[in-house]
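Worksheet: one structure, shown below.
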Amino acid sequence: KAGVTQTPRYLIKTRGQQVTLSCSPISGHRSVSWYQQTPGQGLQFLFEYFSETQRNKGNFPGRFSGRQFSNSRSEMNVSTLELGDSALYLCASSFAGGSSYEQYFGPGTRLTVT
Amino acid sequence: SQKIEQNSEALNIQEGKTATLTCNYTNYSPAYLQWYRQDPGRGPVFLLLIRENEKEKRKERLKVTFDTTLKQSLFHITASQPADSATYLCALGGNSGYALNFGKGTSLLVTP
């Protein structure tokens with residue numbers, strides 16, 4: 001099975017711009033979660049989508065949003081970018097059936113805000 | 001507030017020895033705890049999951065213990081190899097979906 005894919009892998013944006021990141025989960029996985037990873041804060045949960053609905057949300061401002069499509073693919077959007085948004089954005093997918101809670105991460109999108 | 005603490009100092013051990021990593025948490029009652037491995041420039045890779053009602057889990061050279069009274073998990077790698085060198089992350093989760101709270105990780109270096 002193909003793993004989780006994320007596009008683009010690298011992105012450079014300017015303060016005030018907006019950005020959209022994309023994630024394709026493993027085939028058959030219905031849950032997609034997004035995380036932000038920075039050296040100072042580590043991995044922080046952004047949100048989780050299941051069946052096109054946001055099921056959980058982390059403690060991030062409303063500038064961070066996401067959505068999930070009927071094929072389980074997901075996008076996250078960050079509006080009005082700030083320098084502090086520079087980070088590795090990771091997407092993870094889970095089967096979300098039975099009692100399987102393990103998550104499978106993509107390689108991430110490295111976002112640099114200048 | 002919820003806190004998950006992993007030893008921030010790197011752990012250096014010799015090949016063949018057992019590496020033991022610690023994860024402590026406060027103000028949290030997780031339904032399960034997971035351990036992940038992360039190599040530089042890559043996403044975390046799932047290793048093991050242990051539930052709140054389990055004391056110990058094993059997988060090949062890996063062993064995880066979970067003490068909900070002490071609020072602590074220990075992660076052991078036996079017969080460590082240089083290829084085990086990486087950052088190891090512990091993550092706690094509840095029953096409502098897949099929102100994981102991660103520790104900041106411990107860097108492990110196994111030298112020949």
Side-chain angles (χ1 to χ4, degrees), chain A residues 3-6 9-10 21 23-26 29-51 53-60 66 68 72 74 87-110, chain B residues 1-10 21 23-25 27-28 30-54 57 59 62 64 66 73 75 86-107:
Chain A
V4 177
T5 58
Q6 292 187 246
R9 292 293 312 278
Y10 303 92
L21 312 181
C23 171
S24 292
I26 291 172
H29 283 194
R30 300 181 295 168
S31 167
V32 174
S33 299
W34 288 89
Y35 295 85
Q36 180 196 66
Q37 187 172 32
T38 58
Q41 298 299 319
L43 261 163
Q44 292 186 285
F45 172 75
L46 279 157
F47 27 66
E48 181 226 348
Y49 286 88
F50 176 80
S51 292
T53 301
Q54 188 180 86
R55 189 161 62 172
N56 287 286
K57 188 178 189 309
N59 191 25
F60 277 81
Q68 186 181 35
S72 293
S74 178
L88 180 67
Y89 289 88
L90 292 158
C91 161
S93 75
S94 303
F95 175 64
S99 57
S100 65
Y101 288 102
E102 58 263 35
Q103 297 191 15
Y104 297 86
F105 283 81
T109 294
R110 172 74 62 186
Chain B
S1 62
Q2 297 170 346
K3 260 190 180 177
I4 301 168
E5 292 183 343
Q6 295 186 252
N7 195 339
S8 58
E9 290 182 15
L21 286 70
C23 176
N24 294 299
Y25 60 93
N27 298 324
Y28 208 130
Y32 56 90
L33 185 148
Q34 303 185 31
W35 284 89
Y36 288 80
R37 167 189 173 137
Q38 188 173 26
D39 292 284
R42 311 188 84 153
V45 174
F46 171 77
L47 296 174
L48 277 170
L49 178 151
I50 187 164
R51 300 179 194 282
E52 58 180 335
N53 59 348
E54 298 175 316
K57 263 284 184 65
K59 180 183 174 183
L62 309 179
V64 174
F66 194 11
S73 174
F75 178 77
T87 296
Y88 290 85
L89 302 156
C90 79
L92 278 62
N95 284 319
S96 60
Y98 294 77
L100 289 177
N101 283 310
F102 278 86
K104 291 187 178 179
T106 297
S107 175

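Because the structure is predicted, anything quoted here is derived from the model rather than measured.
The list of salt bridge (charged side-chain N to carboxylate O under 4.0 Å, His left out) pairs with a residue in residues 34-47 of chain A, not counting sequence neighbours, is empty.
Applying the salt bridge (charged side-chain N to carboxylate O under 4.0 Å, His left out) criterion to B:Lys57, with sequence neighbours excluded, gives B:Glu54.
Residues A:Leu90 and B:Gly43 share a closest heavy-atom pair of CD2-CA, 3.8 Å.
At least one side-chain heavy atom of A:Tyr101 sits less than 4.5 Å from a side-chain heavy atom of B:Leu49. The closest side-chain heavy-atom distance from A:Leu43 to B:Pro44 is below 4.5 Å.
When atom types are taken as modelled, the side chain of B:Tyr98 and the backbone of A:Glu102 share no donor-acceptor pair closer than 3.5 angstrom. A side-chain donor-acceptor contact under 3.5 Å links B:Lys104 to the backbone of A:Gly40.
No close placement of the A:Phe105 and B:Phe46 rings is indicated, their centers lying 6.0 Å or farther apart.
For a residue to count as touching a neighbouring chain, one of its non-hydrogen atoms must lie under 4.5 Å from one of that chain's; by this rule B:Leu89 touches chain A with the side chain only. Heavy-atom distances place the side chain of A:Tyr35, and not its backbone, under 4.5 Å from chain B.
Comparing A:Gln44, A:Gln37, A:Lys57, A:Arg110 by heavy-atom pairs within less than 4.5 Å of chain B, the highest count is held by A:Gln37.
Between the side chains of A:Gln103 and B:Gln34, no donor-acceptor pair of N or O atoms lies under 3.5 Å.
Within 6.0 Å of CG on A:Asn59 lie no more than 12 heavy atoms contributed by other residues, nucleotides or ligands.
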